[in-house]
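Okay, handing you the structure first.
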Amino acid sequence: MKTNQSNRRDFITKMAIGTLGAISVPQIVSAGIAESKSKKIKLNNNDVILFQGDSITDAYRSKTDFQPNSSTALGQGYAFHAAADLLISHPSKNLQIHNRGISGHKVPQLAERWDKDTIELKPTVLSILIGVNDYWHLKTGNYKGTAASYRSGYRELLQKTKEKLPGIKLIILEPFAIIGSAVKQDWFGPFQEYQNASKEMADEFDAPFVPYQKIFNKALETAPGSHWAPDGVHPSIAGARLMADAWLNVIKG
């Protein structure tokens, strides 16, 4: 016969299991960031925040609208969602938020336009997501770069940025992929080299790191890949919101 103490212990165990079963995606994001022990940054008044990268950052943004905090200039993806949250959460900080992601770009294309699209904007916070095309285009035979050239080119960009903008706060985002119409299982061994390199850049430059692969893997426990990124690379609305939630988790306050 069970004692009151054992009944209470069973009740607590069942409640804990139920709580875990009901965990929300934002909680999964927070857990992923916490597990990675990512650094965080604090926003200051008048910060200029720049999102850089490829199509995932671009997300159909206007290429003729260069105004900060503009919905058309920020696109339809995670940068827009993150910017909206920042602007509503920090209305008195006078944040100026830009998006300069361009579809199809790799590290070499970032380097070609870095002065114009990054340095000249004088960002105080720079968020970078790059790498999926560096692997994808190599895999399809349309590019000769390697994981080693990705790493060295990425490092050169960050070194240049630190030299030109000494007080800049960097945020490094992990390139990610899940099984989808464009991504098969054979991606995951070679692609991990690029993911490891992005983490190395975050460590080397003392920057917060957003572990998107871990976060999307966790999200797959709640819904299939088609819900988050149908082709395995480009996020859906839900995937973009998931990315924004993860990005916001490395911002203090």
Side-chain angles (χ1 to χ4, degrees), residues 48-66 68 73-80 82-83 96-140 142-177 190-191 193-210 212-213 233-235 240 243 247 250:
V48 177
I49 301 169
L50 173 60
F51 290 91
Q52 267 290 10
D54 51 36
S55 57
I56 299 170
T57 301
D58 181 333
Y60 306 104
R61 70 176 179 87
S62 168
K63 305 303 189 298
T64 58
D65 181 355
F66 302 107
L74 287 166
Q76 302 173 20
Y78 76 94
F80 171 85
Q96 307 294 302
I97 308 175
H98 301 269
N99 181 353
R100 290 295 187 274
I102 295 183
S103 181
H105 275 199
K106 303 175 283 295
V107 164
Q109 284 76 48
L110 285 189
E112 289 171 3
R113 61 185 179 88
W114 204 246
D115 285 341
K116 178 177 181 294
D117 283 352
T118 300
I119 304 301
E120 288 182 12
L121 287 170
K122 294 182 170 59
T124 55
V125 178
L126 173 60
S127 171
I128 309 174
L129 173 59
I130 197 72
V132 70
N133 291 324
D134 297 73
Y135 173 69
W136 195 355
H137 294 181
L138 171 67
K139 184 173 173 57
T140 58
N142 296 320
Y143 178 55
K144 301 297 185 182
T146 63
S149 63
Y150 167 77
R151 178 184 284 104
S152 62
Y154 206 158
R155 179 178 289 111
E156 288 174 11
L157 276 183
L158 297 180
Q159 287 171 336
K160 178 178 182 176
T161 304
K162 283 285 194 177
E163 289 167 6
K164 299 285 187 179
L165 304 168
I168 196 165
K169 292 170 280 192
L170 299 172
I171 303 174
I172 305 299
L173 314 185
E174 181 182 34
F176 63 91
F191 186 49
E193 293 184 51
Y194 295 78
Q195 296 174 317
N196 292 343
S198 70
K199 180 61 166 66
E200 288 170 22
M201 295 303 102
D203 292 342
E204 185 174 330
F205 289 87
D206 196 30
F209 180 71
V210 182
Y212 277 135
Q213 189 64 58
V233 171
H234 297 95
M243 291 181 68
W247 191 94
V250 300

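As the structure is a computational prediction, the values presented were derived from the model and not from experiment. Heavy atoms only: backbone and side chains are in, while hydrogens, waters and symmetry mates are out.
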Identify which one of Phe176, Trp247, Phe51 satisfies the ring-ring contact (aromatic ring centres under 6.0 Å, His included) criterion when paired with Tyr78.
Phe51
For Gln213 and Glu174, test the side chains for any donor-to-acceptor distance below 3.5 angstrom and give the result as yes or no.
no
According to ring-ring contact (aromatic ring centres under 6.0 Å, His included), does anything in residues 101-130 pair up with another residue at least two apart or in another chain? List the pairs.
none
Among all residues two or more places apart in sequence or in another chain, which pass the side-chain contact (heavy atoms from CB on, under 4.5 Å) test with Phe66?
Arg100
Evaluate side-chain hydrogen bond (donor to acceptor under 3.5 Å, both in side chains) for Ser127 paired with Gln52, printing each intermediate quantity in order.
CA-CA 6 Å; Ser127 171; Gln52 267 290 10; over 6 Å; no
Non-neighbouring partners of Lys139 that pass side chain to side chain donor-acceptor pair (under 3.5 Å), sequence neighbours left out
Asp186
Quick check for you: to the nearest 0.5 Å, what is the distance between Asp206 atom CG and Leu170 atom CG?
9.5 Å
Does any non-hydrogen side-chain atom of Ile102 lie less than 4.5 Å from one of Asp117?
yes
For Lys122, what residues pass the side-chain contact (heavy atoms from CB on, under 4.5 Å) criterion, not counting sequence neighbours?
Leu165
Taking the side chain from Asp54 and the backbone from Gly101, do they hold a donor-acceptor pair closer than 3.5 Å?
no
Minimum heavy-atom distance between Pro235 and Ala240, given as atom pair plus value
CB-N, 3.6 Å
Residues in side chain to side chain donor-acceptor pair (under 3.5 Å) contact with Asp65, at least two apart in sequence or another chain:
Ser70, Thr72
Residue list, salt bridge (charged side-chain N to carboxylate O under 4.0 Å, His left out) with Lys169, at least two apart or on another chain:
Asp47
Pairing residues for Phe191 by the ring-ring contact (aromatic ring centres under 6.0 Å, His included) criterion, not counting sequence neighbours:
Tyr135, Trp187
Looking at every non-hydrogen atom in both residues, tell me the closest pair between Ile56 and Leu129 and how far apart they are.
CG2-CD2, 3.8 Å
Under the side chain to side chain donor-acceptor pair (under 3.5 Å) test, residues paired with Glu193 that sit two or more places apart
none
How would you list, by chain and number, every residue that makes a side-chain contact (heavy atoms from CB on, under 4.5 Å) with Tyr150, sequence neighbours excluded?
Val107, Ile130, Asp134, Tyr154, Pro175, Tyr194, Ala197, Ser198
Going by heavy atoms in the side chains, are Val250 and Val210 under 4.5 Å from each other?
yes
Tell me, with the steps shown, if Asp115 and Lys164 meet salt bridge (Lys or Arg N to Asp or Glu O under 4.0 Å).
CA-CA 10 Å; Asp115 285 341; Lys164 299 285 187 179; over 6 Å; no
Could I get the full list of side chain to side chain donor-acceptor pair (under 3.5 Å) partners for Ser62, not counting sequence neighbours?
Thr64
Okay, side chain of Ser149, backbone of Gly145: is any donor-acceptor separation there less than 3.5 Å?
no
Taking the side chain as every heavy atom from C-beta outward, state whether Thr161 and Leu126 have any atom pair closer than 4.5 Å.
yes
All heavy atoms of Ala207 vs all of Ile172, minimum pair found to be CB-CG1, 4.0 Å
Identify the heavy atoms of Leu74 and Ala83 that sit nearest to each other, and give their distance.
CD1-CB, 3.7 Å
Of all heavy-atom pairs linking Pro208 and Ala202, the shortest is O-CB, 4.3 Å
Partners passing salt bridge (charged side-chain N to carboxylate O under 4.0 Å, His left out) against Glu204 (at least two apart in sequence or in another chain):
Arg155
Run the side-chain contact (heavy atoms from CB on, under 4.5 Å) test against Ala59 and tell me which residues pass, sequence neighbours left out.
none
I'd like to know whether the aromatic ring centres of Trp136 and Tyr143 sit less than 6.0 Å apart in this structure.
no
